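Side chains included, hydrogens not; waters and symmetry mates left out as well; all remaining heavy atoms used. All chains are named by letter (A, B, ...) in the order of the sequence lines, taking the proteins before the strands, and each is independently numbered beginning at 1. Nothing here was measured: the structure is a model prediction, and the numbers come from that model.
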Number of protein chains: 2
Amino acid sequence: MRPNKRDELVRKALQVFYRDGFHATGMDRLVVETGVSKTSMYKHFRTKEELILAVLRLRDENFRNWFVRRIEELADTPADQLLAAFDALGEWFHEDNFRGCMFIKAGAEYQDPDHPIHVQAGEHKRLLLEYFSDLCRKAGARDPDKLACQLLLLKEGAIVTAVLLHSCDLARDAKEAAQVLLQNALV
Amino acid sequence: MRPNKRDELVRKALQVFYRDGFHATGMDRLVVETGVSKTSMYKHFRTKEELILAVLRLRDENFRNWFVRRIEELADTPADQLLAAFDALGEWFHEDNFRGCMFIKAGAEYQDPDHPIHVQAGEHKRLLLEYFSDLCRKAGARDPDKLACQLLLLKEGAIVTAVLLHSCDLARDAKEAAQVLLQNALV
DNA sequence: AGCACAGTTTACCGATCTGTACACCCAAAG
DNA sequence: CTTTGGGTGTACAGATCGGTAAACTGTGCT
């Protein structure tokens with residue numbers, strides 16, 4: 001049970017779940033796709049749910065790391081970083097394997113608010129909200145928590161709309177809206 | 001094959017799919033829940049996919065009818081109606097059987113952009129965007145299509161965030177953001 | 001050498017999945 | 001009354017679902 005073997009399984013499962021969904025992906029499929037035997041799979045993860053939770057943990061780590069790093073590459077001041085967040089989003093949308101937010105999809109497939117998967121998906125959004133709040137506070141916004149929440153709404157809305165409407169440049173529209181909200185909150 | 005019988009099946013299936021999801025709900029479950037026999041079910045709908053498409057058509061009709069009517073009850077002028085949309089949303093969020101947007105969930109479970117279910121889910125959002133654009137134009141916004149898109153982002157973001165974060169009053173925050181955007185677009 | 005253990009193969013479990021074959025029932029038409 | 005035909009229930013098909021049993025293989029440690 002090498003720990004890196006487990007990580008490799010989680011990485012591969014992440015790809016498949018992200019592409020095809022949770023209920024639509026059976027364990028048999030993952031076993032074939034990873035090349036590992038079914039017994040080994042169940043040695044590493046006692047249930048499918050446990051595997052999904054591990055996948056979500058990895059996805060949270062990957063996404064937040066990428067998001068924050070990219071934002072800091074794109075801008076220096078907190079205010080500019082809040083806007084750069086939407087440039088980063090736009091880059092993500094244009095990746096050809098973009099399939100929306102895994103946590104929104106997880107919350108959509110496991111709707112019971114008390115289900116561990118649903119809870120963990122919510123935790124990801126809470127952490128993002130915290131990050132935004134922090135930036136808003138540093139930028140000197142009047143009500144940083146409220147502004148952060150509003151910017152989060154723009155981000156989430158842009159993601160789900162980008163999935164369903166493949167037409168317009170939603171990241172740009174979201175960024176311009178964020179600009180208006182930010183300006184309004186700074187005065 | 002009375003047509004009202006078919007409609008009754010669609011109505012009941014809508015409830016179950018909305019509560020439990022598409023992949024997680026089997027046809028056997030629907031047969032039990034509706035009391036109809038399996039053979040009859042498949043006489044009305046040749047496949048599960050056909051049933052889901054019928055459900056989405058009904059949902060689109062129900063939701064847009066309710067949404068527009070409620071908005072017109074709450075406000076008279078186009079500008080006020082754009083803001084009242086978020087009051088209507090808030091009422092929806094507080095219904096105890098609120099489970100998010102069925103079309104976002106449909107798009108999340110059927111991710112292939114060419115899949116009929118995904119396409120139909122996108123169509124719903126396109127119709128909502130048209131409705132918003134119309135109101136923005138009547139309200140005299142500078143760039144009505146862009147403003148409509150931004151307000152749609154706020155709406156969609158509020159929905160998915162309301163599903164995952166059960167804490168704050170997202171409809172209110174979204175409305176205040178809409179107010180700022182609207183004011184900015186009217187000057 | 002001998003042991004421990006990660007990982008494999010193969011076969012299987014009962015449940016559930018979408019979808020179908022077929023005989024039956026009952027009302028309207030001849 | 002008999003025939004016709006739509007709607008029904010039963011029973012099933014074949015695949016897949018999540019998960020397990022048991023015996024084997026290979027590697028590293030002592």
Side-chain angles (χ1 to χ4, degrees), chain A residues 1-57 102 105-106 108-112 114-118 120, chain B residues 1-56 105-106 108-112 114-118 120:
Chain A
M1 277 241 261
R2 306 188 300 275
N4 52 340
K5 183 71 177 177
R6 184 188 151 106
D7 292 352
E8 189 191 324
L9 291 178
V10 176
R11 265 196 304 275
K12 186 65 189 172
L14 169 52
Q15 291 177 19
V16 183
F17 279 135
Y18 182 62
R19 180 161 34 87
D20 298 336
F22 297 100
H23 283 110
T25 303
M27 293 297 271
D28 290 316
R29 185 88 190 294
L30 291 172
V31 161
V32 170
E33 203 94 33
T34 56
V36 84
S37 79
K38 201 163 181 179
T39 315
S40 297
M41 183 67 93
Y42 275 95
K43 282 261 167 57
H44 286 289
F45 311 97
R46 279 180 312 178
T47 63
K48 184 182 184 181
E49 180 180 316
E50 195 172 301
L51 171 58
I52 293 178
L53 288 172
V55 163
L56 291 182
R57 271 189 293 271
M102 192 157 204
K105 297 192 287 188
E109 289 207 51
Y110 299 87
Q111 306 196 60
D112 179 357
D114 298 326
H115 194 294
I117 293 178
H118 190 103
Q120 185 143 332
Chain B
M1 277 244 259
R2 306 187 300 275
N4 52 341
K5 183 72 178 176
R6 184 188 151 106
D7 291 353
E8 189 191 324
L9 292 179
V10 176
R11 264 196 304 275
K12 187 64 190 174
L14 169 51
Q15 292 177 18
V16 182
F17 279 136
Y18 182 61
R19 182 161 33 87
D20 298 336
F22 297 100
H23 283 111
T25 302
M27 294 297 270
D28 289 315
R29 186 86 191 294
L30 291 171
V31 162
V32 170
E33 205 95 32
T34 56
V36 84
S37 81
K38 203 163 182 179
T39 312
S40 297
M41 183 67 95
Y42 275 96
K43 280 265 165 54
H44 286 289
F45 311 96
R46 279 181 312 179
T47 63
K48 183 182 184 180
E49 180 180 316
E50 195 172 299
L51 171 59
I52 293 178
L53 288 172
V55 163
L56 290 183
K105 295 192 288 188
E109 288 207 51
Y110 299 88
Q111 306 196 60
D112 179 357
D114 298 325
H115 194 293
I117 293 177
H118 190 102
Q120 185 143 332

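Listed by chain and number, the residues in a side chain to side chain donor-acceptor pair (under 3.5 Å) with A:R11 amount to none (sequence neighbours excluded). Applying the side-chain contact (heavy atoms from CB on, under 4.5 Å) rule to A:E33 yields the partners A:K12, A:V16, A:R19, A:R29; only residues at least two apart in sequence or on another chain are considered. With sequence neighbours excluded, the residues satisfying side-chain contact (heavy atoms from CB on, under 4.5 Å) with B:D112 are B:D114, B:H115.
In this structure, NE2 on B:H23 lies 6.0 Å from CD on B:E109, to the nearest 0.5 angstrom. Expressed to the nearest 0.5 Å, how far CG of B:L30 lies from CE of B:M41 amounts to 5.0 Å. To the nearest 0.5 Å, the span separating NZ on A:K43 from OG on A:S37 amounts to 8.0 Å.
For the pair A:F45 CZ and C:dG7 C1', the computed distance is 14 Å after rounding to whole Å.
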Heteroatom pairs (N/O) under 3.5 angstrom, protein to nucleotides 21-27 of chain D:
| unit_1 | atom_1 | unit_2 | atom_2 | d |
| --- | --- | --- | --- | --- |
| D:dA21 | N6 | A:T39 | OG1 | 3.0 |

Enumerate all atom pairs, one protein N or O and one N or O from nucleotides 15-19 of chain D, separated by less than 3.5 Å.
| unit_1 | atom_1 | unit_2 | atom_2 | d |
| --- | --- | --- | --- | --- |
| D:dC17 | OP2 | A:D28 | OD2 | 3.4 |
| D:dG18 | OP1 | A:K48 | NZ | 2.5 |
| D:dG18 | OP2 | A:M27 | N | 2.6 |
| D:dG19 | OP2 | A:Y42 | OH | 3.2 |
| D:dG19 | OP2 | A:K48 | N | 2.7 |
| D:dG19 | N7 | A:K38 | NZ | 3.0 |
| D:dG19 | O6 | A:K38 | NZ | 2.8 |

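Judged purely by atom type and a 3.5 angstrom limit, B:K105 uses its side chain to pair as donor or acceptor with the backbone of B:Y18.
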Contacts table for residues 48-55 of chain A: side-chain donor-acceptor under 3.5 angstrom, sequence neighbours left out:
| unit_1 | atom_1 | unit_2 | atom_2 | d |
| --- | --- | --- | --- | --- |
| A:K48 | NZ | A:F22 | O | 3.0 |
| A:K48 | NZ | A:T25 | O | 2.9 |
| A:E50 | OE1 | A:R46 | NE | 3.3 |

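A close approach under 4.0 Å does occur between a side-chain nitrogen or oxygen of B:S37 and OP1 or OP2 of D:dG9.
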